[in-house]
Amino acid sequence: MADPMCSSTSPQVLQFEDITSAAFKIKSGIMVTPCIRSHLSQLTGMEIFLKKDFLQYTGSFKERGARYALIMLPDEQKRKGVISASLGNHALALCYHGKDLGIPVTVVMPIVAPIMKIQSCRQHGADVVVKGKDMGEAKRWAMQLGRERGLTYINGYDHPHIMAGQGTIGLEIVEQVPDIDAVVIPVGGGGLIAGVALAVKTLYPRIKVIGVESERCASFTNAVKANKPVYTPIESTLADGLAVPTVGYNAFATAAPLIDKLIVVKEEWIAIAILRLVELEKCVVEGAGASGLAAILAGHLNEMRGKRVVLLLCGGNIDTTILGRCLERGLAADGRLMKFKVTVSDRPGGIAELCRLMSSIGVSIKDIVHERAWIKSDIFSVEVKVVCETRDMEHALLLKEKLHQNYQHVLLGEMPSLEESPLTDEPGHDCSEQKSNSSTE
C-alpha cells in the first residue's frame with residue numbers, strides 16, 4: 001500500500017521556504033533548545049557545540065515536524081484524526097501535540113520499540129497498537145488501519161511537513177553558533193538530515209553536513225551506494241531510533257545532494273559516547289542522539305580537529321534498564337570494566353592472595369565467584385571468576401600483565417585493542433561523488 005505523500009516515482013524535494021514557514025507556525029509550541037560549547041572540546045581537539053534538542057517536552061526533535069504536520073491538516077482531517085508508525089519518538093511527539101491541538105492520534109509501534117516510549121504514548125491519551133517486527137511491518141499495519149478508519153497517515157521521517165519541521169533545527173543552529181565548520185547529524189529515515197542540511201546549506205553553503213549511522217542499520221549509506229532507497233535488514237542496535245530499513249524517498253531526494261560525508265559507526269563507540277555524555281556533560285541521551293559523538297570518538301572526523309563542529313543530540317528517551325547496560329558496555333569498551341577467570345590454590349589464603357594482588361595496583365573488585373566442581377586442573381585448585389573496575393585501558397593492561405606473571409591459567413574477557421582507541425584515523429564514506437548523479441527516483 002503506497003503512501004500518497006511519499007512516492008518512489010515522483011519524490012518531493014523540500015524547499016527552504018517550507019522550513020521558514022514551519023519555523024513561524026510552530027514557534028508557539030516548540031522550545032528553542034540551547035546549543036552550547038561542550039566540555040568534550042578538550043578531549044577531541046575540536047571546538048564542539050551540542051544542540052540539545054532532547055530537551056523538548058517529549059524528549060526529542062520529533063516534536064517540530066509532528067506539530068507542523070498536525071497544524072497543516074485540513075479541518076476535516078483534524079476532526080477524524082491521524083495515524084503513524086513509529087519506534088517511539090515520532091509517536092510521542094504526535095501524541096503530545098495531537099492532545100494539545102485536539103486532534104485524535106493512533107500510533108502503531110513495532111515490538112522492538114522501547115517499553116518506556118510505549119507507556120508514555122498511552123499516557124498522552126493516544127490509541128497505541130504494538131504490531132510488527134520492525135518499522136517496515138509497523139508501517140504496513142498503520143497504512144491498512146488508516147484506510148479502514150479514514151485516518152491520515154503521517155510518515156515520521158518522509159512526510160514533507162515533517163522534514164520542514166525538523167529543518168527548523170538548522171535555522172536555530174546557525175543563529176546560535178557563528179562560524180560553524182561542520183554539523184554532524186544522526187541518520188535514520190533521513191528526514192532530520194534532509195531538513196537540517198537544506199536549512200544550513202541554503203544559508204551557509206560552506207558548512208559541511210556529515211551524517212552518522214549505526215553499522216546495524218546503515219540504510220542511508222546503502223541508498224547512496226544504490227543511488228536510490230533500498231531495503232536494508234535491521235539488527236538490534238543501541239541506536240533504536242535510527243533503525244529504519246528503507247530511507248524516505250522525499251528525504252533521500254532532498255538530502256543526498258547536500259551531504260558531504262556519511263559515517264557508519266560500531267555499536268561499542270555508541271556505548272562509549274553515551275558514557276562520555278553522562279560523565280562529562282551530565283546529558284542522558286539515547287543511542288541515536290549519541291551517534292554523532294561516537295563518530296568523533298572512533299576517529300572518523302579527525303580532519304575536523306581545530307574546527308568548530310555542532311553535534312545534534314536529537315533524543316533522550318532511553319529505557320533506564322538499557323541505559324544501565326549501555327553504561328556498563330561503555331565502561332567495558334573503555335577498558336574500565338574487566339572480567340577474567342583465573343585458577344588459584346584452594347588452600348587457605350589462595351583467593352586472599354589474588355585479592356591482595358589486585359589491591360596492590362588499585363583495582364576494585366565488583367563481583368567474585370569461585371568454582372570447585374567443574375574445573376579440569378588438580379583437586380587442590382579452584383577457578384575464580386572476577387568482574388573488576390580499572391581506571392583506564394593502561395590500568396587494565398597492567399592487571400593483565402600481573403595476572404599472567406603470577407598464575408598459569410588465566411582467561412580474560414575480550415578486551416578492546418589499543419589500535420581502536422579514540423581519535424585514531426578511520427575513513428568515512430565521501431558523498432561528493434554521488435552529488436553530481438544522485439538519483440531522485
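- No donor-acceptor pair closer than 3.5 Å links the side chain of Ser38 to the backbone N or O of Leu50.
- Under the side chain to side chain donor-acceptor pair (under 3.5 Å) rule, Ser84 has a single partner from His159, His90, Lys139, which is His90.
- Ser60 places no side-chain N or O within donor-acceptor distance of the main-chain N or O of Asn317, the cut-off being under 3.5 Å.
- Using a 4.0 Å cut-off between a side-chain N of Lys or Arg and a carboxylate O of Asp or Glu, Lys117 and Asp240 qualify as a salt bridge.
- By the 4.5 Å heavy-atom criterion applied to side chains, Val82 and Gln77 are not counted as neighbours.
- Inter-residue side-chain proximity for Leu238 and Cys326 is flagged as met; some heavy-atom pair is nearer than 4.5 Å.
- Side chain of Ser86 to main chain of Ala91: a donor-acceptor pair is present (N/O by atom type, distance under 3.5 Å, no hydrogens or angles).
- Rounded to the nearest 0.5 Å, atoms NE2 (His97) and CD1 (Ile103) are 11.0 Å apart.
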- Please walk me through it: do Lys208 and Glu303 pass salt bridge (Lys or Arg N to Asp or Glu O under 4.0 Å)? CA-CA 12 Å; Lys208 299 290 185 184; Glu303 70 273 16; over 6 Å; no
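- Under the 3.5 Å distance criterion, with hydrogens and angles disregarded, no donor-acceptor pair is assigned to the side chains of Ser41 and Glu47.
- Expressed to the nearest 0.5 Å, how far CG of Asp158 lies from CG of Asp3 amounts to 7.5 Å.
- Side-chain N or O atoms of Gln166 include one that pairs as donor or acceptor with a backbone N or O of Gly65 at under 3.5 Å.
- Closest approach of Leu40 to Leu293, counting heavy atoms only: CD1-CD2, 3.6 Å.
- Gln56 contributes a side-chain N or O that, together with a main-chain N or O of Met31, makes up a donor-acceptor pair within less than 3.5 Å.
- For the residue pair Thr237/Glu267, the side-chain donor-acceptor check at 3.5 Å is satisfied.
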- Can you list the steps and then say if Leu70 with Ile154 is a side-chain contact (heavy atoms from CB on, under 4.5 Å)? CA-CA 9 Å; Leu70 290 171; Ile154 299 180; 4.3 Å; yes
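- For CD of Glu279, the number of neighbouring non-hydrogen atoms (other residues, nucleotides, ligands) closer than 6.0 Å is greater than 12.
- Under the side chain to side chain donor-acceptor pair (under 3.5 Å) test applied with Glu213, the options Asn222, Thr232, Thr221 reduce to a single match, Thr221.
- In this structure, the side chain of Asp181 does not engage the main chain of Val310 through any donor-acceptor pair within 3.5 Å.
- Here the side chains of Thr58 and Ser120 are not in contact, with every heavy-atom distance at 4.5 Å or above.
- Arg329 places no side-chain N or O within 3.5 Å of a backbone atom of Ile272 that could act as its donor or acceptor partner.
- Nearest heavy atom pair, residue Val309 against residue Met304, reads CG2-CB, 3.9 Å.
- For the atom pair OH (Tyr153) and SG (Cys6), the distance works out to 7.5 Å, reported to the nearest 0.5 Å.
- Atom OG1 of Thr246 sits about 11.5 Å away from atom NZ of Lys228, to the nearest 0.5 Å.
- For the atom pair CG of Leu312 and NZ of Lys52, the computed distance is 13.0 Å after rounding to the nearest 0.5 Å.
- No side-chain donor from either of Glu63 and Asn89 sits under 3.5 Å from a side-chain acceptor of the other.
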- Derivation and outcome, side-chain contact (heavy atoms from CB on, under 4.5 Å), residues Leu327 and Val278: CA-CA 9 Å; Leu327 295 179; Val278 169; 4.1 Å; yes
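- Side-chain contact check for Phe340 versus Leu403: some heavy-atom pair is nearer than 4.5 Å.
- Annotation: the span from Thr254 atom OG1 to Leu198 atom CG amounts to 7.0 Å, rounded to 0.5 Å.
- With a 6.0 Å radius and a threshold of 12 heavy atoms from other residues, nucleotides or ligands, Gln42 has its CD atom at or below the threshold.
- One finds a salt bridge joining Arg67 and Asp100 here, because a Lys/Arg side-chain nitrogen approaches an Asp/Glu carboxylate oxygen to under 4.0 Å.
- Using cut-offs of 30° and 60° on the angle between ring planes, the pair Tyr68 and His161 is perpendicular.
- Heavy-atom minimum distance, Tyr157 versus Ala251: O-CB, 4.1 Å.
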- Task: Please assess Val107 against Val129 for the test side-chain contact (heavy atoms from CB on, under 4.5 Å), listing each intermediate value before the final yes or no.
- Result: CA-CA 6 Å; Val107 291; Val129 179; over 6 Å; no
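- Looking at Pro104 and Lys80, their side chains never come closer than 4.5 Å, going by heavy atoms from C-beta outward.
- Residues Glu328 and Arg336 are not paired through a salt bridge, judged by the lack of any N-O separation under 4.0 Å between the basic side chain and the carboxylate.
- Ile115 and Asp319 get closest at one heavy-atom pair: N-OD2, 3.5 Å.
- Between Asn250 and Pro160, some side-chain heavy-atom pair lies under the 4.5 Å cut-off.
- Nearest heavy atom pair, residue Ile162 against residue Ala69, reads CD1-CB, 4.0 Å.
- When atom types are taken as modelled, the side chain of Arg216 and the backbone of Ser236 share a donor-acceptor pair closer than 3.5 angstrom.
- The pair Asp53-Arg64 meets the salt-bridge criterion, since a charged nitrogen lies less than 4.0 angstrom from a carboxylate oxygen.
- A donor-acceptor contact shorter than 3.5 Å links the side chain of Ser360 to the backbone of Leu357.
- Between Lys131 and Pro110 the shortest side-chain heavy-atom distance does not fall below 4.5 Å.
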- Just do the ring-ring contact (aromatic ring centres under 6.0 Å, His included) check on Phe54 and Phe61 with the steps written out, would you? CA-CA 6 Å; Phe54 68 93; Phe61 73 99; over 10 Å; no
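- Electrostatic pairing of Asp127 and Arg122 does not count as a salt bridge here, judged by no charged N lying under 4.0 Å from a carboxylate O.
- For Tyr231, the OH atom counts as densely surrounded, since its 6.0 Å shell holds more than 12 non-hydrogen atoms of other residues, nucleotides or ligands.
- Lys402 has its side chain out of reach of Met358: every pair of non-hydrogen atoms, C-beta onward, lies at least 4.5 Å apart.
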- Task: Go through the steps to decide whether Ile365 and Cys355 satisfy the test side-chain contact (heavy atoms from CB on, under 4.5 Å), and finish with yes or no.
- Result: CA-CA 8 Å; Ile365 296 174; Cys355 293; 3.8 Å; yes
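- Between the side chains of Thr33 and Lys51, at least one donor-acceptor pair of N or O atoms lies under 3.5 Å.
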- Message: Assess the residue pair Lys307 and Asp179 against the criterion (salt bridge (Lys or Arg N to Asp or Glu O under 4.0 Å)); give the C-alpha distance rounded to whole Å, side-chain angles, the decisive distance to 0.1 Å, and a yes or no.
- Response: CA-CA 9 Å; Lys307 296 185 178 181; Asp179 303 320; over 6 Å; no
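- The two atoms that bring Ile207 and Val183 nearest to each other are CG2-CG2, 3.9 Å, heavy atoms only.
- Contact check on Glu281 versus Arg37 returns no salt bridge, with no Lys/Arg side-chain nitrogen under 4.0 Å from an Asp/Glu carboxylate oxygen.
- Listed for the Ser21 side chain is no donor-acceptor partner under 3.5 Å among the backbone atoms of Asp18.
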